[in-house]
Every structure is written in C-alpha cells, then in structure tokens.
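These notes concern the structure reproduced below.
In the text below, chain A, chain B and the rest are named by the order of the sequence lines, each starting its count at 1. Just so it is clear, the structure is predicted and the values come from calculations on it, not from any experiment.
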Amino acid sequence: MCGRFSITKEEEELEKRFAARFYSEVLEKRYNIAPSQESAVITNKEPNSIQLFRWGLVPFWAKDVKIGYKMINARSETIAEKPAFKYAFEKRRCLVIADGFYEWQKKGKIKIPHRIMIGDSELVAFAGLWENWKDEKGDWLQSFTIITTDAVPRIHHLHDRMPVILRREDEKKWIEEELDAEEAKNILQRPQTDLNFYPVSPLVNSPANDVAEILERVEPPGEPGELF
DNA sequence: CCAGACGTTGTT
DNA sequence: GTCTGG
DNA sequence: CCAGACGTTGTT
DNA sequence: GTCTGG
C-alpha cells in the first residue's frame, strides 16, 4: 500500500518535470507526508496546474470528512466497481506527485521502515483519483487517493501492495478527459517496476518528524549477526 | 421496500 | 449517489 | 502509514 | 480493539 511518501524537490523542479505551474499555492519540501495532509496533484480538469489537495478521498456524497481517513488507497483491481471510487475513476483522475514512499516490513513483532523510489529518488507520478466535497458550512474540500497494485517481486518481501507508479509516457494520458475506462485500466496494469529501496530510521514513524534525516539509510535492526 | 455502508492492509 | 443486506 | 486517545459533568 | 489526528 502507500501510507506515507515524500516530495523533496523544489517547486521549480516539479513545474519543469510536469510542465505545469503552481499558481496561488506554495509547497515546502516534504520528507514525511501523512494521510489527511495536503500534497501536490495535477488533475484532469486542470492539467496545467499543480494544486494541493488533502490525502484521503472524501466522496461527494459523504456526510463526514472523517471518511477520508479510510480512503487513502484504492485497489486498482476493484476501482471501477467500488461506490466510493467509481465516479472518480470515470471523471476525476489525477497525478499524485512524489519522489519516494515508505513501507513498513513486518519482522516478528517489529516493523522496519523502508524508503522506496525510482532511480535516486526521481520525481514520479502515482496514479490517483480526486473529489470535490462540500461541508455543512458550504466550504469546498478537494481530496485525493493513491491507487495501489500488487508489489513487484523486488519489494514483495517488504509489502505485498504498492502505489501504481505511472510510466512517464502514460502520465498525460491518465489525466486526459476522453480516456475511457478500458484504457485507464490498461495504464494501471503497466506501472513502473524498477524500484530501489533501503531501510530508514524509525523516526519516519511519527508524522511529526518531517525532516531530511529520515531519508538516510540505516542498518536494519537485527543485522548483522542475526541469530534467529 | 428501507437501512446502512461506502476502504485497505495484514492478522509475524 | 449507489449498492448490499435484511 | 503510525501514534495516541479512548469519558462525563460542569466550570478556577 | 478501534477510531481519530497527523
């Protein structure tokens, strides 16, 4: 799955990489982006701007914003049928900008966090969906979810799910208005798979630790000299 | 028909 | 809003 | 995802 | 154990 990720590049780099602009919004470097926080997306409605939406999709029919806590990921296999994602899959797709994400490998009782990325933390786009939601006061909230798929063999020992990292040539297509469901599914079935990873400090566990230090490689606990 | 859910992950 | 369960 | 709270009454 | 907040 994907429950934490990063964007450790400057705004200008994002703008160049995705040929889109930040308008009113400002994004600081982020090492530890957690659900319910805002992060950078590019939507099918505004493919030339980079906007900040809340992570955790709140369906337009929701009565409570809290439902978003449960909607941080959407399974690519069932996305077209699930009531919470069906509409967004047809009408509201987006690119979720990232340059790495974190997975926790369970080993017995302990959980070892790892950083996973393409190349040396290249900027990439996760396949995402977004929604508009109006609260009881009439204020609008825009939110997104990250689509997941089976983990590639290379990282399967860490976790059996991972975000769909779009092939670069699929990014534009994913947010085209005319894209039909069949082709959208095809895109989800051919993600980037050349992932690199390394263990990082448990500092990443707490979202309060949004610091560059968590990018550093550490020796995983229990190694070397592992006896069991 | 109405009521209630609407999600993912992993249970080492 | 739409689907599932009762 | 992980961390941290998880309750009520009544109000110094 | 389960929910909320970050």
Side-chain angles (χ1 to χ4, degrees), chain A residues 1-7 27-39 52-92 96 98-117 126-135 141 143-152 155-165 181 188 197 199-211 213-215 220-223 226-228:
Chain A
M1 82 179 300
C2 181
R4 222 66 81 71
F5 66 100
S6 67
I7 305 179
L27 179 73
E28 302 296 331
K29 287 187 182 179
R30 295 295 310 277
Y31 305 94
N32 196 0
I33 300 167
S36 80
Q37 298 180 341
E38 292 196 329
S39 195
L52 300 184
F53 286 6
R54 177 189 166 105
W55 184 11
L57 187 143
V58 181
F60 64 91
W61 41 258
K63 293 194 176 65
D64 190 334
V65 68
K66 290 200 288 287
I67 196 172
Y69 286 116
K70 298 191 286 187
M71 310 283 181
I72 66 171
N73 292 140
R75 292 177 64 89
S76 57
E77 297 89 339
T78 55
I79 205 171
E81 290 84 39
K82 295 290 182 183
F85 302 129
K86 193 177 175 175
Y87 181 75
F89 178 60
E90 286 171 20
K91 304 290 181 187
R92 303 188 192 280
V96 178
D99 68 354
F101 62 100
Y102 304 95
E103 297 286 9
W104 282 258
Q105 175 186 28
K106 289 191 170 59
K107 272 196 159 184
K109 286 174 225 132
I110 63 168
K111 284 185 268 189
I112 307 167
H114 291 259
R115 179 173 172 82
I116 305 170
M117 66 270 161
F126 297 152
L129 305 176
W130 64 282
E131 265 299 352
N132 277 319
W133 178 75
K134 191 162 82 168
D135 68 20
L141 174 78
S143 58
F144 71 91
T145 189
I146 295 170
I147 300 173
T148 61
T149 188
D150 281 330
V152 293
I155 63 162
H156 203 269
H157 64 293
L158 302 180
H159 227 76
D160 66 349
R161 305 289 296 174
M162 67 175 196
V164 171
I165 303 172
L188 295 178
F197 63 88
V200 295
S201 158
L203 265 181
V204 71
N205 291 6
S206 175
N209 299 323
D210 190 13
V211 293
E213 188 184 343
I214 69 177
L215 302 177
E223 297 174 33
E226 179 65 75
L227 289 176
F228 297 96

Distance check, [atom1] atoms only: [N] and [M], in whole angstrom units.
| N | M | atom1 | result |
| --- | --- | --- | --- |
| dT2(E) | dT8(B) | C1' | 15 Å |
| dC1(B) | dG10(D) | P | 46 Å |
| dG7(B) | dT4(C) | C1' | 15 Å |
| dA3(D) | dT11(B) | P | 16 Å |

If I compare all heavy atoms of [X] with all of [Y], which pair ends up nearest, and what's the gap?
| X | Y | value |
| --- | --- | --- |
| H159(A) | W104(A) | ND1-O, 3.4 Å |
| R161(A) | E103(A) | O-OE2, 3.5 Å |
| A84(A) | W61(A) | CA-CZ2, 3.9 Å |
| I79(A) | L129(A) | CD1-CD1, 3.5 Å |
| S143(A) | L57(A) | OG-CA, 3.4 Å |

Both R75(A) and I67(A) contact DNA chain B. Taking the nearest nucleotide for each, which residue is further toward the 5' end?
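With R75(A) and I67(A) compared, the 5'-side residue is I67(A).
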
Only counting residues at least two apart or in another chain, list the ones meeting side-chain contact (heavy atoms from CB on, under 4.5 Å) with I110(A).
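Result, side-chain contact (heavy atoms from CB on, under 4.5 Å) vs I110(A): K107(A), I112(A), P221(A).
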
Would you say R54(A) and V65(A) make side-chain contact, with heavy atoms under 4.5 Å?
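They are in side-chain contact.
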
With a 4.5 Å cut-off on side-chain heavy atoms, are P199(A) and H114(A) touching?
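H114(A) vs P199(A): side chains touch.
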
Within this structure, what is the [atom1]-to-[atom2] distance between [X] and [N], rounded to whole angstrom?
| X | N | atom1 | atom2 | result |
| --- | --- | --- | --- | --- |
| H114(A) | dC1(D) | NE2 | P | 15 Å |
| E103(A) | dT8(B) | CD | P | 15 Å |
| R4(A) | dT9(B) | CZ | C1' | 15 Å |
| K70(A) | dG4(B) | NZ | P | 15 Å |
| I147(A) | dT9(B) | CD1 | C1' | 17 Å |
| Y102(A) | dC2(D) | OH | C1' | 14 Å |

So, R115(A) and D99(A), do they make that salt bridge, N to O below 4.0 Å?
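A salt bridge links R115(A) with D99(A).
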
Not counting sequence neighbours, which residues clear salt bridge (Lys or Arg N to Asp or Glu O under 4.0 Å) with E131(A)? List them please.
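R92(A).
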
Give [X] one of three labels, base, sugar-phosphate or nothing, depending on what nucleic acid heavy atoms sit under 4.0 Å from its own.
| X | value |
| --- | --- |
| T148(A) | sugar-phosphate |
| A74(A) | sugar-phosphate |
| F85(A) | sugar-phosphate |
| P35(A) | base |
| I72(A) | base |

Nucleotide-level pairing of DNA chain B, given in dot-bracket where Watson-Crick and G-U pairs need both distances under 3.5 Å and | marks other strands
||||||......

Determine the interplanar angle of the F5(A) and F144(A) rings, folded into 0 to 90°, and report it as parallel if under 30°, tilted if 30 to 60°, perpendicular if over 60°.
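Plane angle over 60°, so perpendicular.
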
Give a yes/no answer on whether the side chain of N205(A) brings an N or O atom under 4.0 Å of OP1 or OP2 in dA3(D).
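Yes, such a contact exists.
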
Check the phosphate of dG7(B) against T78(A), side-chain N and O only, distance under 4.0 Å to OP1 or OP2. Yes or no?
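Answer no for this pair, as no side-chain N or O of T78(A) is under 4.0 Å from OP1 or OP2.
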
Can you name the atoms? Protein N/O to nucleotides 1-6 of chain C N/O, anything below 3.5 Å, with the distance.
{"unit_1": "dC3(C)", "atom_1": "OP1", "unit_2": "K86(A)", "atom_2": "NZ", "d": "3.0"}

Identify each atom pair where a protein N or O and an N or O of nucleotides 10-12 of chain B are less than 3.5 Å apart, giving names and distance.
{"unit_1": "dG10(B)", "atom_1": "OP1", "unit_2": "H159(A)", "atom_2": "NE2", "d": "2.7"}
{"unit_1": "dG10(B)", "atom_1": "OP1", "unit_2": "D160(A)", "atom_2": "OD1", "d": "3.0"}
{"unit_1": "dG10(B)", "atom_1": "OP2", "unit_2": "D160(A)", "atom_2": "OD1", "d": "2.2"}
{"unit_1": "dG10(B)", "atom_1": "OP2", "unit_2": "D160(A)", "atom_2": "OD2", "d": "3.1"}

Under 3.5 Å, side-chain donor or acceptor atoms of residues 66-73 of chain A against the rest of the protein: list the pairs with distances, not counting sequence neighbours.
{"unit_1": "K66(A)", "atom_1": "NZ", "unit_2": "D64(A)", "atom_2": "OD2", "d": "3.0"}
{"unit_1": "N73(A)", "atom_1": "OD1", "unit_2": "C2(A)", "atom_2": "N", "d": "3.3"}
{"unit_1": "N73(A)", "atom_1": "ND2", "unit_2": "C2(A)", "atom_2": "O", "d": "3.2"}
{"unit_1": "N73(A)", "atom_1": "ND2", "unit_2": "I146(A)", "atom_2": "O", "d": "3.4"}

